[in-house]
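Working notes, beginning with the structure itself.
In what follows, chains carry the letters A, B, and so on, assigned in the order in which the sequence lines appear, proteins first and then strands, with residues in each chain numbered from 1.
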Protein chains: 2
Amino acid sequence: MLKKKITLKHIARELDVSISTVSKALKNSEEISRDTKEKIQAFAKLYNYKPNNIAISLKNKRTKNIGVVIPDIVHHFFTTVVKGIEKYANQKGYNVIVCLSDESFDKEVINMEMLANGSIDGFIMSLSAGTQENDDYNHLKEVTEQGIPVVLFDRVTDEIDCDKVVIDDQQGGYMATKKLIDEGRKQIALLTTHDYFSVSRDRNEGYRKALLDSGLEIKDDYILRLPYMDIEEQVISDFFDRIEVDGVLSVNEIFGINAMRVLQRKGYVIPDDISVIGFTDGLLSKHANPSMTSVAQHGDKMGEIAAKMLIEKVESDVEEETYKTEIIQPTIVARESTLNPNGAGSGN
Amino acid sequence: MLKKKITLKHIARELDVSISTVSKALKNSEEISRDTKEKIQAFAKLYNYKPNNIAISLKNKRTKNIGVVIPDIVHHFFTTVVKGIEKYANQKGYNVIVCLSDESFDKEVINMEMLANGSIDGFIMSLSAGTQENDDYNHLKEVTEQGIPVVLFDRVTDEIDCDKVVIDDQQGGYMATKKLIDEGRKQIALLTTHDYFSVSRDRNEGYRKALLDSGLEIKDDYILRLPYMDIEEQVISDFFDRIEVDGVLSVNEIFGINAMRVLQRKGYVIPDDISVIGFTDGLLSKHANPSMTSVAQHGDKMGEIAAKMLIEKVESDVEEETYKTEIIQPTIVARESTLNPNGAGSGN
DNA sequence: TTGTACGCGTTATCAT
DNA sequence: ATGATAACGCGTACAA
């Protein structure tokens with residue numbers, strides 16, 4: 001019942017020819033006679049011969065595997081990026097090895113070391129919270145010094161010379177804040193994380209810039225910094241008790257959704273009394289009640305671009321020392337949590 | 001600047017010893033003299049020698065890679081399963097290669113063929129919609145006949161002899177329906193998919209059984225079958241116009257959330273007028289407004305168990321022909337979309 | 001104590 | 001037209 005994988009050697013033995021003849025015949029080499037080729041090809045087909053990937057990898061020093069290291073997979077944004085990577089990579093004949101750092105520096109290091117020992121041709125990754133907190137990128141330096149191409153996406157660092165794909169987070173923050181201002185909102189709160197997240201930093205910056213540009217004051221007590229995990233509703237509730245707001249910008253989806261609930265419970269009607277915009281246009285924004293206007297990150301596009309950049313580097317033998325940073329423009333998906341002064345946006 | 005990976009051969013050449021001496025020394029073999037060992041180990045450490053995974057794979061015929069083939073990764077349930085698999089697998093020194101079938105039969109076949117040629121030691125997978133629709137499992141048969149272990153989870157089939165992990169979907173459907181009945185609901189609608197999803201079939205069965213056991217009538221016009229993707233709210237709205245309901249069971253999260261919105265728009269108050277229970281306890285259920293009571297699938301646990309089963313098979317050289325099916329018991333996470341007659345359930 | 005030789009499966013180069 | 005050989009990197013049985 002067990003039909004073990006057949007190798008060139010088996011075929012050679014069975015057909016009483018040499019291994020190299022079999023190899024050539026299966027590659028349809030001109031060197032081999034019509035007869036032998038047909039015989040060998042038929043036999044190979046019959047026994048469903050397929051070359052062993054590992055052997056080929058060893059020989060070619062190319063695995064056709066891409067290592068993807070992300071902080072978390074139970075997270076809509078990363079998930080869309082992985083999907084984008086998969087799509088492009090598969091199409092190019094690459095497999096995707098996914099490793100999770102769980103936001104931990106140590107796990108990120110361990111995973112990368114595992115993969116760097118020949119398992120993959122290159123990395124696509126987004127830095128873990130721990131790594132950004134530590135501000136330690138030696139594991140990345142080691143990998144790039146070995147000549148393994150790396151593409152960073154979303155959570156990146158200037159410390160490493162490599163290709164990068166980011167969205168213009170500052171622009172996203174700016175656009176969203178501007179939209180609130182254009183609706184006539186003047187008291188706009190910002191829900192954000194701590195500053196070691198590069199993305200939050202940039203989004204905050206956009207928020208400030210938009211306020212400034214519109215001659216509005218930046219008030220520190222209108223900014224709430226929440227821990228990335230384990231949000232406590234009470235903290236949000238207290239925050240909104242302290243200040244009077246008519247607009248809320250959240251640097252992610254979760255904070256935004258939670259803010260909407262808290263505000264609704266306090267009796268505010270969204271968007272009549274308060275407009276809310278979140279980041280990371282995911283399932284929650286789409287299915288919230290009211291559905292939440294949000295800044296789309298285009299994770300799938302990001303993944304595709306990252307994969308494209310990586311595979312190009314992997315397949316070009318030239319040791320270029322030139323790195324690009326692709327900046328994706330964010331988009332606002334207008335939904336029910338904001339007013340619609342210009343009647344725009346379908347939402348879905 | 002480029003510090004290419006060093007091999008045994010390099011070390012041997014540099015230290016003027018044989019490759020096997022180096023190999024043994026690095027394994028701390030008793031055969032090698034203290035002196036040489038120290039010299040070699042120091043050198044290896046200095047140049048950060050790490051054995052090449054590919055070479056080891058070729059030699060051992062073991063890749064330490066697990067192939068995971070799932071229909072979709074932008075999907076909370078699958079994502080939690082992947083996380084569970086990763087957790088267990090990493091701990092055991094395995095990498096996880098994730099491939100997406102995109103619910104397509106063809107893609108599933110192609111991906112499996114790619115991986116089956118030596119890239120992985122075994123598969124963990126959940127059948128694509130296309131595969132279940134086609135009812136064609138030859139690609140799985142081929143793989144198992146080659147002696148590659150397979151573990152199916154969630155969307156499984158009786159056609160293949162292999163280890164399986166499922167939740168007791170019928171029990172989940174039963175429990176949920178029973179809960180609605182216990183709340184005093186008598187007109188319970190069922191939102192489901194088409195029958196070729198094994199999970200839906202089982203959940204439906206639980207629904208029927210619970211009604212029967214409670215002496216309630218099973219009415220066909222209380223059952224709405226929706227396409228898996230692209231739900232149209234209008235269809236749901238029309239459905240609820242045709243019938244009078246006080247309870248809704250949805251075989252997934254999305255249908256449930258959509259039903260809540262539609263019902264709320266029609267003026268019903270949840271859970272005062274109508275209770276709603278969904279399946280797949282994910283982000284949407286948790287953050288819905290009101291938050292949705294739902295049947296938890298315990299994807300992480302499922303993933304861990306699947307990984308455990310697979311790795312056990314992979315690492316046991318005995319060719320057992322005995323396969324287990326692990327059945328995970330579902331749990332109801334009580335939230336705000338149902339009444340709380342017994343004051344149970346924390347939610348969150 | 002150290003080294004030689006072989007094998008894992010494949011391909012490419014160089015004989016025959 | 002076919003075959004022998006070496007090489008990819010490693011490990012190990014066996015020889016010295």
Integer-rounded Å distance: [N] [atom2] and [X] [atom1]:
X	N	atom1	atom2	value
A/Glu30	D/dT2	CD	C1'	15 Å
A/Lys4	C/dC8	NZ	P	14 Å
B/Leu15	C/dT1	CG	C1'	16 Å
A/Ile54	D/dC8	CD1	P	18 Å
A/Ile11	C/dG9	CD1	P	12 Å
B/Ile19	C/dG3	CD1	P	11 Å
A/Ile32	D/dG3	CD1	P	8 Å
B/Ile40	C/dT1	CD1	P	13 Å

Selection from [options] that lies nearest to any side-chain heavy atom of [X]:
X	options	value
B/Lys9	C/dT10, D/dC8, D/dG3	D/dC8
B/Ala55	D/dG3, C/dT1, D/dG9	D/dG9
B/Ile56	C/dT2, C/dT10, D/dG11	D/dG11

Which part of the nucleic acid, if any, lies within contact of [X], taking any heavy atom under 4.0 Å across all strands shown: a base, the sugar-phosphate backbone alone, or nothing?
X	value
B/Ser23	base
B/Ser20	base
A/Lys59	base
A/Ser57	nothing
B/Leu58	base

[N] phosphate, OP1 or OP2, under 4.0 Å from [X] side-chain N/O:
X	N	value
B/Tyr49	D/dC10	yes
A/Thr36	D/dT2	yes
A/Lys61	D/dG9	yes

Item to check | Test: B/Asp300 and B/Lys87 ion pair at under 4.0 Å | outcome: no

- Query: Looking at A/Asp102 and A/Lys107, does any basic side-chain N land under 4.0 Å from a carboxylate oxygen?
  - Reply: yes

For A/Thr63 and A/Gly118 the tightest heavy-atom approach is CG2-O, 2.9 Å

So B/Leu152 and B/Thr157, side chain to side chain contact (heavy atoms under 4.5 Å, CB included) or not? Walk me through it. CA-CA 8 Å; B/Leu152 285 176; B/Thr157 173; 4.1 Å; yes

Is any N or O donor-acceptor pair between the side chain of A/Ser18 and the base of D/dA4 shorter than 3.5 Å? no

Checking A/Asp163, A/Ile124, A/Val166, A/Ile305 against A/Phe153 for side chain to side chain contact (heavy atoms under 4.5 Å, CB included), the one that qualifies is A/Ile124

The residue, B/Asn52 or B/Lys24, whose nearest nucleotide of DNA chain D is more 5′ is B/Asn52

Sorted by position of nearest nucleotide on DNA chain C, 5' first, the leading residue of A/Thr7 and A/Glu31 is A/Thr7

_Please tell me whether A/Phe105 and A/His139 form a close aromatic pair, meaning their ring centres lie under 6.0 Å apart._
yes

